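Values reported hereafter were calculated over all heavy atoms of this structure, with side chains retained and with hydrogens, waters and symmetry mates removed. Quantities reported herein were computed from a predicted structural model and do not represent experimental measurements.
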Amino acid sequence: MAKKASDNVTYYNNAGGPVIGTVSRRVIEKDGLTFKDIDGTGQVSPVNDWRLPAARRAAALADTLTLEEKIGQIFISDWRMGLYAEDKEKLDESGLLDEAEVAGKNIFGGQLLPGTTTLIKEWWARHIILRSNPGPEDLTDFLNQLHAVAEECEHFVPVQAVSNSRNENGELVFGMNDAAGVFAAWPGTLGIAAAIRGNGIDLIDDFADCVRREWNASGLKKGYMYMADVMSDPRWQRSYGTFGEDPALICEIFEHIIPRIQGSPEGVTADGVAMTVKHFPGGGARENGFDPHYAMGQWNVYATPGSLEKYHLPGFQAAVEHNASSIMPYYAKPCKEKSAPQTAMDDPMEMKPYGFAYNKPFIDGLLRGKMGFKGYINSDTGIVHNMSWGVEMLDNPERIGFAVNNAGVDLISGLFDVQYGKEAYERSLNDYYDTHEVPEGFTKEELVLTDEALNRAVTRTLTELFELGMFENPYRDPKAARKEISDNKADWDNAMDVHRKSVVLLKNTGDSQKVLPLTGDKLAGKTVYAECFAKNPENAESSTRTLRETLAGKVTLVDDPAGADYAILLLSPSSGEYFHATPGYLELDICEDKVVCNVDQEGRPTDETHSETTLTGLSRVREIADTLHAKGGKVIMNVNVTLAWELGNVEPLADALTLGFDTYPSAVLDVILGDFAPTGKLPITFPRGDEVLAVNAQGVCISPNDVPGYDKDQYMPDSLKDENGKAYAYRDNQGNYYELDFGLSY
């Protein structure tokens with residue numbers, strides 16, 4: 001087996017300056033200092049001189065690069081590790097790089113892809129998305145090998161691998177959270193928000209510091225994280241990835257995590273990790289929950305006057321003010337016809353019907369002009385080939401030109417569209433539009449890729465790479481990465497502490513004695529039945545085995561609810577499919593075989609129906625509860641929250657009710673058994689039921705889609721309001737409203 005790049009790196013120390021790390025690149029010695037020959041001149045040029053500002057070096061390098069080298073750098077897409085290749089015989093000797101030519105395809109598009117070396121040396125790709133979930137040593141070895149190949153080119157630019165977040169527990173979902181369980185795993189971001197609301201903002205500092213250390217140790221220097229979106233329509237599939245519905249808390253979180261993850265308040269540093277904050281200008285304003293991964297969800301509707309500026313922009317303003325390195329626009333486009341007037345910093349907001357990555361008023365006018373963003377724009381994945389909302393009439397080169405040249409996008413995600421990029425550039429020089437019609441509503445100047453736009457985009461992304469120190473030393477030690485990630489007990493302990501703090505106690509009945517905590521005195525001579533429920537019965541069976549193994553030795557378990565004094569039931573409902581429309585509205589009711597309406601192509605309810613199940617075995621949950629209650633037993637229930645579930649079918653069955661947010665079941669049990677007193681508070685408001693999510697024949701929801709749950713009551717009809725003036729939030733049989741900031745303790 002050939003030596004790995006990690007074994008061949010030579011390091012040079014500079015007094016008061018950066019360490020230079022190289023496998024094959026020439027170094028230059030001058031005035032007792034060492035410089036890497038990045039541009040191939042053999043001189044301490046502005047490109048090679050690490051004493052100069054990153055932006056100046058980036059501009060100098062952009063002037064040096066060829067057209068092909070620059071076009072290769074405006075695209076980013078998925079890439080594969082050799083360790084995960086199907087045909088192992090086509091791997092190179094190291095086993096790290098996949099050198100096979102493959103028909104690459106994902107849900108966002110497809111193309112014939114070369115081997116890794118060809119991608120780097122001939123296609124000049126320098127930005128890739130890593131979705132694999134390797135161990136820390138394999139990850140670091142792989143990233144080192146990419147840089148070693150890049151060093152063999154005439155001009156050296158390191159390869160930046162980008163990943164979605166990897167430090168939260170949860171279901172692995174392509175394109176959202178691709179990896180988990182290798183890096184220290186906190187609860188989901190909703191759980192982190194729940195823990196903060198009950199314990200204070202300082203706990204997120206440990207989280208952010210851990211992210212920076214682990215990612216930097218492995219050489220993973222860029223993250224598509226985190227979401228500044230406010231959850232306002234509860235049926236949005238991406239709700240679980242937000243920090244909740246409160247703009248003020250989201251701002252406070254970003255004030256903490258951006259400087260700590262990136263390395264400084266001023267921006268990224270050599271030991272920091274660059275962040276791409278998403279999804280500008282906020283994906284929560286969904287029309288009845290429809291997601292813009294499919295056509296029905298292509299609109300952002302702002303039905304409430306001023307909602308854009310009041311609820312959806314503040315988190316992004318905080319990201320801008322704390323120097324987020326890049327920002328990702330959402331796929332959707334604003335809907336002027338269904339929106340109330342919106343302003344941004346006292347000026348009316350122009351609602352051009354283009355997806356936000358194509359939308360100059362939002363990107364260049366609002367984000368850069370009014371909000372002061374100085375970083376670069378990284379489009380969401382698939383805007384050219386799939387989710388090209390509002391610019392479907394353009395061909396692929398025109399979409400590239402319109403995004404980069406007109407709107408100001410710097411990095412296009414989805415495919416390595418090098419040939420389309422070249423075509424967009426050539427059209428700026430040839431007579432293409434003398435013989436081809438310019439699409440109505442556009443000018444030919446908007447649709448081509450110019451030298452000015454290309455240099456601007458490449459300079460911005462190169463600046464980040466210089467600031468991250470990746471030109472001087474992109475290499476990391478795999479064994480040190482393992483020690484920092486796998487062997488760092490403190491980070492895992494901190495994460496577990498936040499798991500416990502994320503648990504929210506919603507209900508705890510009892511007059512003289514509450515059901516929880518289920519301490520030893522209450523369990524003396526008593527028996528417990530334990531079972532897990534999910535949409536997928538196989539997942540429920542596996543989880544039940546694990547739950548019972550965890551409880552063994554702590555309680556006296558029985559196999560039949562009829563013989564139990566207590567039942568511990570863990571519910572993990574699930575709704576819809578990621579990236580695909582459901583026949584109707586995304587179902588939030590915890591239900592089994594519920595008959596609901598379909599929707600037409602305009603998102604309006606129809607007379608046709610279909611059946612929805614979000615929790616298989618709900619009838620068994622009722623049977624268990626009835627069995628326990630008939631003999632005076634108690635039911636303790638936990639619901640895992642990935643969406644703002646309607647709890648009306650399960651809350652009345654529970655004597656004690658807790659919530660987790662992709663929280664470890666062991667942390668939930670610590671709360672149930674009294675090893676940890678609950679401190680979590682709700683980061684979102686739970687809807688009362690179908691009546692507050694009802695959609696009329698015109699497709700308008702009775703509760704505004706663009707307003708967070710805590711503020712919806714002011715827009716609800718009086719006929720739905722109770723004696724306290726509340727309509728939207730769920731109210732349990734103890735009289736408590738499950739709204740933002742609610743949570744009990746012992």
Side-chain angles (χ1 to χ4, degrees), residues 53-55 58-59 74 76 127 162 222-230 247 250-259 261-269 272-283 300 308-309 311-332 334 342-347 349-350 352 354-380 383 403-413 452-453 455-468:
I74 65 170
I76 182 169
H127 304 277
V162 184
K222 179 79 179 186
Y224 284 157
M225 54 193 184
Y226 281 91
M227 290 171 62
D229 311 74
V230 168
I250 292 170
C251 289
E252 193 173 11
I253 287 172
F254 277 91
E255 288 169 4
H256 279 248
I257 64 174
I258 291 177
I261 292 177
Q262 294 196 155
S264 81
E266 289 72 39
V268 295
T269 63
V273 174
M275 291 175 60
T276 297
V277 175
K278 49 191 185 179
H279 306 82
F280 184 81
N300 262 29
L308 171 67
E309 188 167 33
Y311 302 117
H312 298 282
L313 291 181
F316 293 96
Q317 186 65 61
V320 169
E321 291 173 358
H322 290 82
N323 295 302
S325 190
S326 59
I327 286 178
M328 178 180 290
Y330 211 22
Y331 298 115
Q342 302 297 321
T343 58
M345 300 179 184
D346 299 324
D347 291 329
M349 193 65 227
E350 186 178 5
K352 289 206 169 195
Y354 304 136
F356 289 117
Y358 295 104
N359 205 304
K360 187 172 184 177
F362 272 85
I363 299 301
D364 193 52
L366 175 57
L367 183 58
R368 290 199 182 279
K370 292 184 178 297
M371 298 174 69
F373 179 59
K374 297 181 176 63
Y376 71 84
I377 302 296
N378 188 149
S379 86
D380 214 334
I383 66 159
V404 177
N405 193 45
N406 179 68
V409 171
D410 303 297
L411 190 59
I412 297 177
S413 181
E452 181 182 6
N455 283 340
R456 180 216 74 222
V458 172
T459 298
R460 285 177 179 162
T461 57
L462 288 174
T463 298
E464 179 184 81
L465 296 177
F466 276 112
E467 290 172 339
L468 286 168

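For the pair Thr276/Ile327, no side-chain contact is recorded, criterion being any heavy-atom separation below 4.5 Å from C-beta on. The shortest distance between side-chain heavy atoms of Met349 and Leu366 falls below 4.5 Å. Leu308 is not listed as a side-chain neighbour of Thr343, based on a closest heavy-atom distance of 4.5 Å or more. Between Ile257 and Met275, some side-chain heavy-atom pair lies under the 4.5 Å cut-off.
Among all heavy-atom pairs drawn from Ala453 and Asn405, the shortest one is CB-OD1, 3.3 Å. Nearest heavy-atom pair, Val409 versus Ala457, reported as atom, atom and distance to 0.1 Å: O-CB, 4.4 Å. Among all heavy-atom pairs drawn from Ala324 and Val277, the shortest one is CB-CG2, 3.8 Å. Across every non-hydrogen atom of Pro247 and Val230, the tightest pair is CG-CG2, 4.1 Å. Scanning both residues, Gly283 and Asp229, for their nearest heavy atoms gives N-OD2, 2.6 Å.
Taking Lys374 as the reference, nothing meets the side-chain contact (heavy atoms from CB on, under 4.5 Å) condition, with sequence neighbours excluded. With sequence neighbours excluded, the residues that form a side-chain contact (heavy atoms from CB on, under 4.5 Å) with Ala54 are Thr463, Phe466, Glu467. Asp347 pairs by the salt bridge (Lys or Arg N to Asp or Glu O under 4.0 Å) definition with Lys370, not counting sequence neighbours. Legend: residues meeting side chain to side chain donor-acceptor pair (under 3.5 Å) with Asn455, ordered by chain and number and at least two apart, are Lys70. Under the side chain to side chain donor-acceptor pair (under 3.5 Å) criterion, Thr269 pairs with Asp271, not counting sequence neighbours. Residues satisfying the side chain to side chain donor-acceptor pair (under 3.5 Å) test with Glu252, not counting sequence neighbours, are none. Taking the salt bridge (Lys or Arg N to Asp or Glu O under 4.0 Å) definition, one finds that Asp410 meets it with Arg368, Arg456, Arg460, sequence neighbours left out. Considering only residues two or more places apart in sequence or on other chains, His312 meets the side chain to side chain donor-acceptor pair (under 3.5 Å) condition with none of them. With sequence neighbours excluded, the residues satisfying salt bridge (Lys or Arg N to Asp or Glu O under 4.0 Å) with Glu464 are Lys222.
Rounding to the nearest 0.5 Å gives a distance of 11.5 Å between NE2 of His279 and CG of Asn300. Rounded to the nearest 0.5 Å, atoms NZ (Lys278) and OG (Ser379) are 12.5 Å apart.
Between the side chains of Tyr224 and Asn378, a donor-acceptor pair is found at a separation under 3.5 Å.
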Just do the side-chain contact (heavy atoms from CB on, under 4.5 Å) check on Ile377 and Leu411 with the steps written out, would you?
CA-CA 6 Å; Ile377 302 296; Leu411 190 59; over 6 Å; no
Stepwise, does the side-chain contact (heavy atoms from CB on, under 4.5 Å) test hold for His127 with Val162?
CA-CA 7 Å; His127 304 277; Val162 184; 5.6 Å; no
For residues 313-323, tabulate all N or O donor-acceptor pairs below 3.5 Å that involve a side-chain atom, not counting sequence neighbours.
{"from": "Gln317", "atom 1": "NE2", "to": "Glu321", "atom 2": "OE2", "distance (Å)": "3.4"}
{"from": "Gln317", "atom 1": "NE2", "to": "Met371", "atom 2": "O", "distance (Å)": "3.3"}
{"from": "His322", "atom 1": "ND1", "to": "Ala318", "atom 2": "O", "distance (Å)": "2.9"}
{"from": "Asn323", "atom 1": "ND2", "to": "Pro265", "atom 2": "O", "distance (Å)": "2.8"}

Could you pull out every donor-acceptor pair under 3.5 Å between side chains of residues 355-363 and any protein atom, sequence neighbours left out?
{"from": "Tyr358", "atom 1": "OH", "to": "Ile383", "atom 2": "O", "distance (Å)": "2.9"}
{"from": "Asn359", "atom 1": "ND2", "to": "Lys352", "atom 2": "O", "distance (Å)": "2.8"}
{"from": "Asn359", "atom 1": "ND2", "to": "Tyr354", "atom 2": "O", "distance (Å)": "2.9"}

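Not a single donor-acceptor pair under 3.5 Å links the side chain of Asp380 to the backbone N or O of Tyr330. No donor-acceptor pair under 3.5 Å is formed between the side chain of Glu309 and the backbone N or O of Gln342. The backbone N or O of Gly408 sits nowhere less than 3.5 Å from a side-chain atom of Asp364 that would complete a donor-acceptor pair.
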